[in-house]
**Student:** 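Handing you this structure, nothing more for now.
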Amino acid sequence: MELSKNFIPGEVETKWYQHWIDQGYFHSVPNDKPAYTVVIPPPNVTGVLHMGHCLNNTIQDILVRRARMQGMNPCWVPGTDHASIATEAKVVAMLRERGIAKSSLSREEFLSYAWEWKEKYGGIILQQLRKMGCSLDWERTSFTMDPDYYETVIKVFIDLYKKGKIYRGKRMINWDVKAKTALSDEEVIHKEVNGKMYHIRYKLDLPGEEFITIATVRPETIFGDTAICVHPKDPRYTHLVGKHAFVPMINRRIPIIADDYIEIEFGTGALKVTPAHDINDFQLGQKHGLEVIDTMNDDGTMNDAAPMYIGKDRIEVRKIIAKDLEASGNLVKIEDYVNQVGFSERTDAIVEPRLSLQWWVDMKQLAAPALEKVMSDEIHFHPAKFKNVYRHWMENIKDWCISRQLWWGHRIPAWYDQEGNVYVEASLEKVHASFPETVGKALYQDADCLDTWFSSWLWPIEVFKGMSNPNNAEINYYYPTSTLVTAPEIIFFWVARMIMAGEEYMGKIPFKDVYFTGIVRDKQGRKMSKSLGNSPDLLGLIDQYGADAVRFGIMIASPAGNDLLFDESTLEQGRNFNSKLWNATKLLKMWEPRQSNEGPIPEDATFAMDWFQAKLSATQLEVDEMLKTFRLSEALKTIYGLIWDDYCSWYLEWIKPGFEQPIHAKVFEKSIAFYDDLLQLLHPFMPFITEEIHHMLKTQTQDLCVQELAPIGKVDESVLHAGVLLKNVISTLRDARNKNQIKPKDAIDVHIQSENNAAYQTIQNILAKQVNAKTVAYTNAPIGSSIVVALEKDKFYLVSDQAIDTVGLKVNLLKDLAHQKGFLESVEKKLANEKFVQNAKPEVIAIEQKKKADALARIQTIEESLAQLG
RNA sequence: GGGAGCAUAGCUCAGUUGGUUUAGAGCAUCUCGUUUACACCGAGAGGGUCCGCGGUUCGAGCCCGUGUGCUCCCA
């Protein structure tokens with residue numbers, strides 16, 4: 001069979017993915033094997049695959065495929081999140097394009113559009129995950145608004161309400177003026193913005209023309225001012241405390257109060273207090289019993305509290321009012337000022353602090369056990385540094401605002417009567433049943449939906465119907481899940497809350513390990529974003545390089561716990577690795593028909609096989625340890641080196657028969673077996689090409705995907721050391737050839753001067769092949785007119801037809817000598833230090849003494865070689 | 001303002017309880033090479049006052065203090 005020049009991924013990927021699905025390899029049912037459960041962080045139902053998903057899901061797939069090979073019963077559950085704000089925003093935008101305003105639709109009409117849209121576009125992302133090779137159990141695909149999931153969310157709301165952990169209250173919330181909804185603190189992104197600081201003077205209610213000047217970045221909110229506050233010890237203002245001033249333009253009279261919250265140095269030292277529009281002012285207002293005047297509508301425009309600007313957007317008003325204040329003589333000055341402004345994560349609108357009646361979860365009690373589980377390492381965080389972040393947040397936890405003024409989501413199960421009484425039940429019928437006094441009354445349901453995360457926090461439980469069908473066989477088998485792989489950005493949104501829900505509703509942690517991936521950034525370290533246009537098209541990259549290469553590229557550049565600087569060159573490296581694997585296959589296939597059973601296995605081939613076996617076992621152990629500790633990138637690097645360097649560059653060259661010569665059948669079979677082991681080791685990282693080659697090597701009884709790992713063999717350390725020696729000799733002699741400009745084609749004669757010839761005899765054929773030597777001989781005395789090379793205590797004389805560059809040789813030897821002498825000196829100094837000899841452990845001293853002996857021997861060898869050069 | 005983390009080769013990173021040859025890998029760079037697996041390749045080389053300063057120790061990339069720079073989280 002003639003193989004194509006290079007590996008062509010496209011067809012192979014489609015073929016194997018379909019085959020794996022057809023065989024049902026990814027579908028899990030409870031059995032007597034240990035479960036390895038992973039629930040996907042559900043992407044937004046409207047989402048498309050980006051680099052972050054690629055990293056995150058590649059990692060999950062590696063863990064899941066590895067578990068499958070380890071004989072566990074892996075179950076990786078796919079699904080999507082209804083993502084209320086993001087999805088509703090997309091549907092609104094879609095409707096607007098069709099000329100339909102959301103406000104013209106009833107709730108039911110809007111939701112039918114939303115569902116239609118979800119059915120059409122939702123889940124594209126799940127298709128894309130197949131392209132990457134993810135071994136998800138598609139029969140378990142879940143959605144946070146599936147009927148039983150929906151009921152569960154409602155049930156949890158009612159339960160927490162009845163336990164007194166959910167309440168309704170008027171609080172300052174973050175208001176998204178574009179989406180017209182409340183946001184949780186976590187949904188607000190603070191950015192530095194270049195703004196202005198306006199100094200505005202307020203006329204005092206005193207005889208004469210006296211003023212007090214305040215500094216603010218938000219002059220448009222002056223209509224909501226209900227006090228001016230100064231520091232009680234600020235000598236500039238003490239005489240004014242208790243007096244009054246007038247708000248410019250509307251001339252409303254407000255008190256001047258004192259509070260040590262004020263920073264004397266900041267601005268003018270006098271603060272305008274606007275309780276309706278600033279969280280700190282609100283608290284100050286509460287403390288001092290100030291009035292709250294809301295000056296804005298829910299879309300961010302001014303209301304009738306700001307009579308001259310009604311209906312104008314607050315940002316626009318900021319510019320206009322500056323001019324108007326100037327005209328009225330109240331504007332003292334404007335300075336440039338950089339401040340932090342909150343933006344909505346979803347709509348990027350500037351968030352307005354707003355006083356509003358919302359639903360809240362009391363977090364204090366929920367947080368305590370969830371904190372403990374992580375601090376005690378019952379749940380392991382990888383990397384552990386995130387424990388600090390988690391603790392800090394949990395210890396300062398604030399109540400969770402869970403109502404959103406949206407239609408797409410789980411509608412809050414609360415009904416109100418005309419008197420404003422609240423009845424919380426799953427349906428109107430149940431309200432009537434539980435509260436007979438409501439029968440016959442006009443009740444209306446809360447119009448709001450719940451925060452998306454109020455459903456996501458039940459994900460590891462409800463994908464197995466753990467709430468809607470408690471104690472079913474699946475939840476009992478799969479829960480707690482094994483590993484959660486997610487971004488550190490959602491540690492509070494999601495991870496912390498899942499732990500709380502797990503404790504509250506299952507009495508158990510939801511997962512044992514949490515692996516936090518890095519954030520994917522571009523080469524310059526910038527976050528990937530639509531606006532920067534630095535987010536590559538993932539499917540395009542898969543087409544270009546192949547899914548395996550993309551997986552390789554993203555994993556090799558992804559150190560545990562660090563951000564990943566995405567650079568297409570690592571994908572190239574992945575593609576090159578594909579080629580390497582492909583070419584090694586070609587070589588083996590070329591040898592296949594040349595097998596021979598005649599005679600014993602050559603001694604050098606035996607050595608090569610023993611050595612690679614030892615190397616393979618040693619590396620398998622290493623990789624095992626790395627994967628256990630989630631050092632995936634390191635594991636991949638190690639496997640990469642094992643295949644490319646040890647197997648291809650060394651092993652295959654060592655056993656390679658001469659031109660058109662036969663290969664011993666036993667050696668061939670062993671080489672195929674080694675290669676298959678390597679493919680298996682690599683499979684979780686690069687599933688497609690490994691499965692393909694696995695089947696090319698020979699007729700297989702089993703797919704690689706489900707092949708269990710064989711126990712790891714014993715590591716023969718002495719063979720390993722012999723291999724290191726051989727490699728060193730080869731490299732050293734090749735270097736000498738290079739430095740002396742001996743052409744690769746010119747064969748040389750090698751004479752070895754060693755006290756241990758036996759060590760070289762088994763490997764001399766390999767040595768000859770690798771350094772292109774006609775002969776390898778042993779000697780007790782220097783060989784004239786040769787190139788001398790020293791390695792440890794042994795000397796090698798290379799005889800060639802080429803002229804010898806004795807000058808160059810000498811330079812190198814002298815350099816080496818200087819290095820060795822310097823080293824010897826440092827060792828001797830250490831050994832001469834009495835305190836060292838007294839305090840250091842005996843092993844350490846022994847090592848130092850060996851270092852000294854080795855260095856002395858080496859110096860002697862070099863000096864002899866130099867003497868011979870004359 | 002509060003908290004956390006990071007600083008090792010041009011780049012991205014390893015470096016496990018302080019001692020395992022005066023620091024390792026991959027990529028990039030340079031030199032040589034088209035010898036039937038592979039130029040998406042092979043062989044080889046160069047490249048680092050381990051951020052500065054101070055301390056503990058017989059001994060510090062690793063521990064302590066301090067300074068500087070960067071990143072993230074919270075307000």
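Within every chain, numbering begins at 1; the chains are lettered A, B, ... in the order of the sequence lines, protein sequences first and strands thereafter. Hydrogens, waters and symmetry mates are skipped; everything else that's a heavy atom, side chains included, is used.
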**Student:** Could you tell me whether A/Gln838 atom CD has more than 12 heavy atoms of other residues or ligands within 6.0 Å of it?
**Tutor:** yes

**Student:** May I ask which nucleotide in the shown strands pairs with B/rG18, Watson-Crick or G-U wobble, both distances under 3.5 Å?
**Tutor:** none

**Student:** Whether the side chain of A/Glu653 and the base of B/rA43 hold a donor-acceptor pair under 3.5 Å is what I'd like checked.
**Tutor:** no

**Student:** Please state whether the rings of A/Tyr390 and A/Phe381 are parallel, tilted or perpendicular, taking 30° and 60° as the class boundaries.
**Tutor:** perpendicular

**Student:** To the nearest angstrom, how far is A/Phe492 atom CZ from B/rC72 atom C1'?
**Tutor:** 11 Å

**Student:** Does A/Lys774 have more than 12 heavy atoms from other residues, nucleotides or ligands lying within 6.0 Å of its NZ?
**Tutor:** yes

**Student:** Rounded off to whole Å, could you give me the CD-to-P distance for the A/Gln741 and B/rA45 pair?
**Tutor:** 15 Å

**Student:** Could you tell me the separation between the CZ atom of A/Phe386 and the C1' atom of B/rC72, rounded to a whole number of Å?
**Tutor:** 9 Å

**Student:** Between A/Arg631 and A/Thr629, is any side-chain donor less than 3.5 angstrom from a side-chain acceptor?
**Tutor:** yes

**Student:** Nearest nucleotide by nearest heavy atom, which residue falls closer to the 5' end of RNA chain B, A/Trp591 or A/Glu634?
**Tutor:** A/Glu634

**Student:** Once you apply the 3.5 Å cut-off to both distances, tell me the Watson-Crick or G-U wobble partner of B/rU57, or none.
**Tutor:** none

**Student:** Measuring from the side chain of A/Asp735 (C-beta onward, heavy atoms only), which nucleotide among B/rA45, B/rA37, B/rG33 has the closest atom?
**Tutor:** B/rA45

**Student:** Does B/rU31 have a Watson-Crick or wobble partner in any strand here, with both distances under 3.5 angstrom, and which is it?
**Tutor:** B/rA43

**Student:** Heavy atoms only: give me the nearest A/Met394-A/Ala496 pair and the separation to one decimal.
**Tutor:** SD-CB, 4.2 Å

**Student:** Counting side-chain heavy atoms from C-beta on, which of B/rU12, B/rA37, B/rG26 comes nearest to A/Asn583?
**Tutor:** B/rA37

**Student:** Hey, which of these two, A/Ile519 or A/Lys385, hits RNA chain B nearer its 5' end, going by closest nucleotide?
**Tutor:** A/Lys385

**Student:** Can you check the distance between B/rC74 and B/rC64, where both ends of the measurement are the P atom (answer in whole Å)?
**Tutor:** 28 Å

**Student:** Quick one: is B/rG44 close enough that its OP1 or OP2 comes under 4.0 Å of any side-chain N or O from A/Ser731?
**Tutor:** yes

**Student:** Pick the P atom in B/rG61 and in B/rA7, then give their distance to the nearest Å.
**Tutor:** 15 Å

**Student:** Identify whether any heavy atom of A/Ser569 sits under 4.0 Å from a base atom; if not, whether one sits that close to sugar-phosphate; answer base, sugar-phosphate or nothing.
**Tutor:** nothing

**Student:** Would you indicate, yes or no, if B/rG42 has its OP1 or OP2 atom less than 4.0 angstrom from a side-chain nitrogen or oxygen of A/Trp644?
**Tutor:** yes

**Student:** A/Ala557 and A/Thr570: which non-hydrogen atoms are nearest, and at how many Å?
**Tutor:** CB-CG2, 4.1 Å

**Student:** Watson-Crick or G-U wobble partner for B/rC72, using a 3.5 Å limit on both distances?
**Tutor:** B/rG3

**Student:** OP1 or OP2 of B/rA75 versus the side-chain N and O atoms of A/Lys398: is any pair under 4.0 Å?
**Tutor:** yes

**Student:** Could you work out the separation of B/rU71 and B/rG54 based on their C1' atoms and round it to a whole Å?
**Tutor:** 27 Å

**Student:** What interatomic distance, in whole Å, is found between C1' of B/rU35 and the corresponding atom of B/rA43?
**Tutor:** 12 Å

**Student:** The side chain of A/Lys5 is closest to which nucleotide in this list: B/rU36, B/rG19, B/rC38?
**Tutor:** B/rC38

**Student:** Think A/Asn576 has a side-chain N or O under 4.0 angstrom from the OP1 or OP2 of B/rC41?
**Tutor:** yes

**Student:** Any side-chain N or O of A/Tyr640 below 4.0 angstrom from OP1/OP2 of B/rC27?
**Tutor:** yes

**Student:** Taking the P atom in each of B/rC40 and B/rG47, what is the distance between them to the nearest angstrom?
**Tutor:** 29 Å

**Student:** For the pair made of OH in A/Tyr390 and P in B/rG5, what is the distance, rounded to whole Å?
**Tutor:** 18 Å

**Student:** Watson-Crick or G-U wobble partner for B/rU36, using a 3.5 Å limit on both distances?
**Tutor:** none

**Student:** Indicate, yes or no, whether a donor-acceptor pair under 3.5 Å links the base of B/rC38 to the side chain of A/Lys580.
**Tutor:** yes

**Student:** Taking atom P of B/rA43 as reference, at what distance in whole Å does atom CZ of A/Arg734 sit?
**Tutor:** 6 Å

**Student:** If the threshold is 4.0 Å, N to carboxylate O, is there a salt bridge linking A/Arg218 and A/Glu352?
**Tutor:** yes

**Student:** Using atom CD of A/Glu568 as one end and atom P of B/rC40 as the other, report the distance to the nearest whole Å.
**Tutor:** 17 Å

**Student:** For the P atoms, the ones on B/rC6 and on B/rU17, what distance do you get once it is rounded to whole angstrom?
**Tutor:** 14 Å

**Student:** For B/rG24, which nucleotide is its Watson-Crick or G-U wobble mate, given both distances must be under 3.5 Å?
**Tutor:** B/rC13

**Student:** Going through the checks in order, is the side-chain contact (heavy atoms from CB on, under 4.5 Å) test met by A/Thr58 and A/Phe685?
**Tutor:** CA-CA 8 Å; A/Thr58 300; A/Phe685 296 89; over 6 Å; no

**Student:** Checking base pairs now: Watson-Crick or wobble, both atom distances under 3.5 Å. What partners B/rC51?
**Tutor:** B/rG67

**Student:** Taking 4.0 Å as the cut-off, does a side-chain nitrogen or oxygen of A/Lys656 come that near to OP1 or OP2 on B/rA37?
**Tutor:** yes

**Student:** Just how far, in rounded Å, is C1' of B/rG2 from CH2 of A/Trp393?
**Tutor:** 18 Å

**Student:** Quick one: which of B/rG19, B/rG42, B/rU36 gets closest to the side chain of A/Lys830?
**Tutor:** B/rG19

**Student:** Reckon A/Lys727 has a side-chain N or O less than 4.0 Å from the OP1 or OP2 of B/rA43?
**Tutor:** no

**Student:** Given B/rU36, B/rG44, B/rG42, identify the nucleotide with an atom nearest to the side chain of A/Met590.
**Tutor:** B/rU36

**Student:** Just how far, in rounded Å, is C1' of B/rU57 from NZ of A/Lys841?
**Tutor:** 14 Å

**Student:** What is the nucleic acid contact for A/Asp563, judged by heavy atoms within less than 4.0 Å: base, sugar-phosphate only, or nothing?
**Tutor:** sugar-phosphate

**Student:** Using only side-chain N and O atoms of A/Asn388, determine if any of them is under 4.0 Å from OP1 or OP2 of B/rG5.
**Tutor:** yes

**Student:** Answer with yes or no whether the side chains of A/Asp676 and A/His694 bring together a donor and an acceptor at under 3.5 Å.
**Tutor:** yes

**Student:** Scan A/Asn833 against the nucleic acid and name what it touches under 4.0 Å (heavy atoms): base, sugar-phosphate only, or nothing.
**Tutor:** sugar-phosphate

**Student:** Say we look at B/rU16 and B/rA23: how far apart would their C1' atoms be, to the nearest angstrom?
**Tutor:** 16 Å

**Student:** Answer with base, sugar-phosphate or nothing: what part of the nucleic acid does A/Lys743 contact at a heavy-atom distance below 4.0 Å?
**Tutor:** nothing

